[in-house]
2 protein chains.
Amino acid sequence: MAIRQVTMQDVADAAGVSRMTVSRALRENSVVNAKTRKRILDVVQELGYVPDQAAGSLSSRKSGFVSVLIPSLDNPHFARTVQILNEELSVVGMQVLLGHTGYSAEKEEELVESFLRRRPEAMLLSCDGHTEKSRSLLEKSGIPVIELWERPHEPIQHVVGFSNFEAAQTLTRSLLDLGYSKIAFIGETRALSSRNAERFRGFQSVLEQAGLPSDRHVYQGARPFNIASGVACCKKVMEEFPDTDCIFCASDPAAFGVLTALQEMGLSVPDDIGVAGFGDFDIAHYCRPSLTTIGVDPNSLARKANELLKRVLNISADEDSTLDAREIIEVVPSLKLRGSTRQKD
Amino acid sequence: MAIRQVTMQDVADAAGVSRMTVSRALRENSVVNAKTRKRILDVVQELGYVPDQAAGSLSSRKSGFVSVLIPSLDNPHFARTVQILNEELSVVGMQVLLGHTGYSAEKEEELVESFLRRRPEAMLLSCDGHTEKSRSLLEKSGIPVIELWERPHEPIQHVVGFSNFEAAQTLTRSLLDLGYSKIAFIGETRALSSRNAERFRGFQSVLEQAGLPSDRHVYQGARPFNIASGVACCKKVMEEFPDTDCIFCASDPAAFGVLTALQEMGLSVPDDIGVAGFGDFDIAHYCRPSLTTIGVDPNSLARKANELLKRVLNISADEDSTLDAREIIEVVPSLKLRGSTRQKD
DNA sequence: CTGTTAGCGCCTTCAA
DNA sequence: TTGAAGGCGCTAACAG
């Protein structure tokens with residue numbers, strides 16, 4: 001345990017050069033005599049010198065940080081997003097500052113404020129509503145902002161995402177197309193999630209267009225909305241609306257819960273009743289019956305976000321890439337019709 | 001977009017005090033005249049001043065960072081660990097530097113080296129083997145190190161985890177106890193994961209003690225080891241060893257894959273064959289039949305890690321907590337006997 | 001309670 | 001190709 005950390009000066013002294021030469025030797029693209037550089041690197045090795053990046057970024061005015069704010073790592077799509085961004089950024093020597101908003105705009109505001117102290121070079125948010133203060137802090141900071149996973153009505157700046165409203169419409173339309181007409185909706189209380197509200201609005205709009213009632217909905221008020229929520233909501237739905245012929249869940253894990261709940265009620269899916277989820281998580285693919293759902297591939301979304309990020313940070317490999325002041329990049333969700341809904345006849 | 005960032009000096013000038021007074025006013029526990037503080041905070045608000053933490057930590061010699069290195073966020077237990085640590089640390093104003101090793105010691109070494117430049121105040125690792133250089137870098141850095149999720153033979157320093165070997169033994173013993181005798185093992189190739197190797201060793205040791213052959217094993221060589229791997233390995237096992245009466249999977253998602261594969265082969269679980277997993281993930285609880293497994297609650301592990309961390313950082317609420325040079329905190333995995341194995345008669 | 005002085009460890013800028 | 005001077009924005013330590 002070093003009593004005092006090894007500094008660049010120590011390396012310089014030991015190598016018989018100035019600090020500046022050490023600094024240059026440590027950077028890839030800088031002119032230093034080959035022999036001198038080798039000597040310096042040897043000394044670095046020997047002394048176990050590790051540069052202090054806080055000091056470096058203070059004078060270079062580049063933090064090497066990118067902030068990523070997501071609601072929760074419990075959602076595998078967000079976890080994947082973080083993982084990909086983290087890996088891609090580490091390739092260019094940058095690091096992610098990760099924060100969890102817990103789906104709360106107030107918590108997000110705190111995080112924005114505290115992360116801004118680290119002078120990140122960009123801020124990526126998963127949008128579920130932002131406070132005025134968050135917006136103003138971000139604006140004042142002058143750094144690029146990218147909102148992920150949604151398509152907000154009033155984007156802060158750049159966006160890489162899709163419309164939950166439209167995705168829910170697409171899925172609902174195909175349920176009608178399969179002949180379902182008494183479709184129930186299960187989700188989080190709308191106040192808890194704009195995302196969920198958008199999904200319900202999409203669902204509702206299609207039913208209304210078709211002249212069908214859209215009043216079969218059951219909400220769960222508390223977080224998280226998971227497998228257990230699906231079980232609980234399913235029971236409520238079937239009590240309140242026993243003649244339901246299909247259940248649309250605002251998320252796949254909940255839909256999986258619905259599948260097991262129905263099975264325990266002795267109902268067969270899809271023969272007695274249909275089930276659809278949202279998100280296209282792994283579980284939707286592998287459960288039995290496999291789950292009809294709609295969703296965006298998180299890998300693809302994260303990679304698009306990464307490309308945009310590189311462009312706004314001017315570290316794109318693509319030299320002649322242009323950048324609009326506000327890029328809205330649409331990611332198209334794909335519909336998966338699987339075993340939990342009946343075949344089209 | 002500010003052409004030049006607002007500094008503490010700007011605030012000091014506008015408030016008619018020195019920088020030091022501003023610095024003090026911004027800290028909770030420091031003596032500043034109440035009126036002066038209010039005036040300063042008003043100016044801060046007005047100017048939209050955001051302190052630069054890189055500068056602050058350069059002079060205070062406290063980075064406010066803790067490094068957390070995990071293999072992958074795809075494993076929900078690791079994601080949970082990260083989330084809890086992140087939240088707990090944010091309460092005390094610290095931030096997590098997150099890195100993914102991808103289960104590679106070399107990648108881990110790179111991350112250790114690059115994260116050390118940020119002068120983290122502690123380093124948490126999920127141990128799956130470390131290079132000599134990683135160990136030496138960590139030692140030289142002088143910061144506390146906590147290894148998570150395993151119980152390594154040669155700990156670097158502190159440990160919060162459990163023995164995969166022993167957990168696998170416990171589970172295997174109870175399978176024997178249920179009357180199974182032709183048990184197959186499915187896992188990752190041992191070279192890919194010391195964790196997996198430990199599980200296999202535990203499995204093997206119990207069978208050998210019981211005088212049973214332990215040669216029914218099928219490995220998958222490539223990452224990730226997930227639901228699809230379980231499906232694939234299950235097919236191989238049943239081809240090679242058709243009289244197998246129970247399959248022990250090195251992870252729950254794979255065991256879930258085995259369940260669906262067996263179902264498609266027309267075999268009934270647990271009537272025709274038993275299945276056990278490892279990890280006690282959500283899916284083990286909710287799949288049908290629910291899965292016999294063994295595992296540690298990630299919330300509990302993360303909280304213990306957090307407590308230890310607070311103690312080694314001397315920010316524990318508990319004043320008279322003592323700290324050994326090397327704390328080995330054991331987390332006991334709990335065995336869950338569920339529907340995927342037969343009842344004891 | 002407040003201010004002054006002197007760096008923290010590195011990089012920018014310029015000159016040699 | 002290298003070095004010297006100066007400063008990034010903040011806080012520790014001490015003095016008043």
Side-chain angles (χ1 to χ4, degrees), chain A residues 2-41 43-44 47-65 93 114 116-121 141, chain B residues 2-41 43-44 47-65 93 114 116-121 141:
Chain A
I3 206 74
R4 192 184 65 87
Q5 77 173 299
V6 181
T7 75
M8 196 176 264
Q9 185 68 63
D10 300 327
V11 177
D13 292 346
V17 294
S18 75
R19 280 178 307 174
M20 262 329 293
T21 307
V22 176
S23 176
R24 290 191 183 104
L26 256 25
R27 232 166 326 182
E28 295 292 321
N29 52 350
S30 63
V31 275
V32 182
N33 180 295
K35 276 187 205 154
T36 313
R37 168 171 270 149
K38 170 151 184 11
R39 192 168 75 242
I40 293 174
L41 294 182
V43 173
V44 164
L47 265 48
Y49 169 66
V50 179
D52 184 326
Q53 210 167 345
S57 54
L58 187 60
S59 52
S60 71
R61 312 178 125 304
K62 293 206 149 208
S63 67
F65 283 126
S114 77
L116 246 21
R117 296 173 206 260
R118 299 292 189 177
R119 299 291 184 265
E121 298 177 36
S141 76
Chain B
I3 208 74
R4 193 183 65 85
Q5 76 173 298
V6 181
T7 75
M8 195 175 265
Q9 185 68 62
D10 299 327
V11 176
D13 292 347
V17 294
S18 74
R19 280 178 309 178
M20 257 333 287
T21 306
V22 176
S23 176
R24 289 189 186 107
L26 256 26
R27 233 168 323 187
E28 294 293 321
N29 53 351
S30 63
V31 273
V32 182
N33 180 295
K35 275 188 207 155
T36 314
R37 168 169 270 147
K38 171 151 184 8
R39 193 168 72 243
I40 292 174
L41 294 182
V43 173
V44 164
L47 266 49
Y49 169 66
V50 179
D52 184 327
Q53 210 167 347
S57 53
L58 187 60
S59 71
S60 71
R61 315 178 118 309
K62 294 207 148 205
S63 67
F65 283 127
S114 78
L116 246 21
R117 297 174 206 262
R118 300 291 188 178
R119 299 293 185 265
E121 298 177 36
S141 77

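Side chains included, hydrogens not; waters and symmetry mates left out as well; all remaining heavy atoms used. Chain naming here is simple, since letters A, B, ... match the order of the sequence lines and numbering starts at 1 in each.
- Remark: the backbone N or O of A/Gln53 is paired with a side-chain donor or acceptor of A/Ser57 at under 3.5 angstrom.
- DNA chain D is contacted by both A/Thr21 and B/Gln53; A/Thr21 maps to the nucleotide lying nearer its 5′ end (nearest heavy atom per residue).
- Note on B/Thr36: a side-chain N or O is less than 4.0 Å away from OP1 or OP2 of C/dT2.
- For B/Gln9, no side-chain nitrogen or oxygen approaches OP1 or OP2 of D/dG9 to under 4.0 Å.
- Side-chain N/O atoms of A/Ser60 and base N/O atoms of C/dC11 include no donor-acceptor pair closer than 3.5 Å.
- Dashed line: the shortest gap from a side-chain N or O of B/Ser59 to OP1 or OP2 of D/dT11 is not under 4.0 Å.
- Rounded to an integer number of Å, the gap from B/Gln5 CD to D/dC8 P is 11 Å.
- Taking the side chain as every heavy atom from C-beta outward, B/Met8 and B/Pro51 never approach each other to under 4.5 Å.
- Distance A/Met8 CE to C/dT12 C1': 13 Å, rounded to the nearest Å.
- Mapped onto DNA chain C by nearest heavy atom, B/Arg61 and B/Val31 fall at different nucleotides, with B/Val31 at the one closer to the 5' end.
- We find that NZ of B/Lys35 is positioned 13 Å from P of C/dC1, with the value rounded to whole Å.
- Rounded to a whole Å, the NZ atom of A/Lys62 is 19 Å from the P atom of D/dC8.
- In this structure, the side chain of B/Arg39 engages the main chain of B/Ala15 through a donor-acceptor pair within 3.5 Å.
- In this structure, B/Arg27 reaches the sugar-phosphate backbone alone: every heavy-atom distance under 4.0 Å involves primed, P, OP1 or OP2 atoms, never a base.
- Remark: the backbone N or O of A/Leu58 is not paired with any side-chain donor or acceptor of A/Arg61 at under 3.5 angstrom.
- At a cut-off of 3.5 angstrom, the base of C/dG3 holds at least one donor-acceptor pair with the side chain of B/Arg24.
- At C/dC11, one or more side-chain N or O atoms of A/Ser23 fall inside 4.0 Å of OP1 or OP2 (strictly under the cut-off).
- Across the protein-nucleic acid pair, B/Arg19 atom CZ and C/dT4 atom P stand 10 Å apart, rounded to whole Å.
- Residue A/Met20 is classed as a base contact, given a heavy-atom separation below 4.0 Å to a base.
- Put simply, the residue from A/Leu41, A/Val44, A/Asp10 that forms a side-chain contact (heavy atoms from CB on, under 4.5 Å) with A/Tyr49 is A/Val44.
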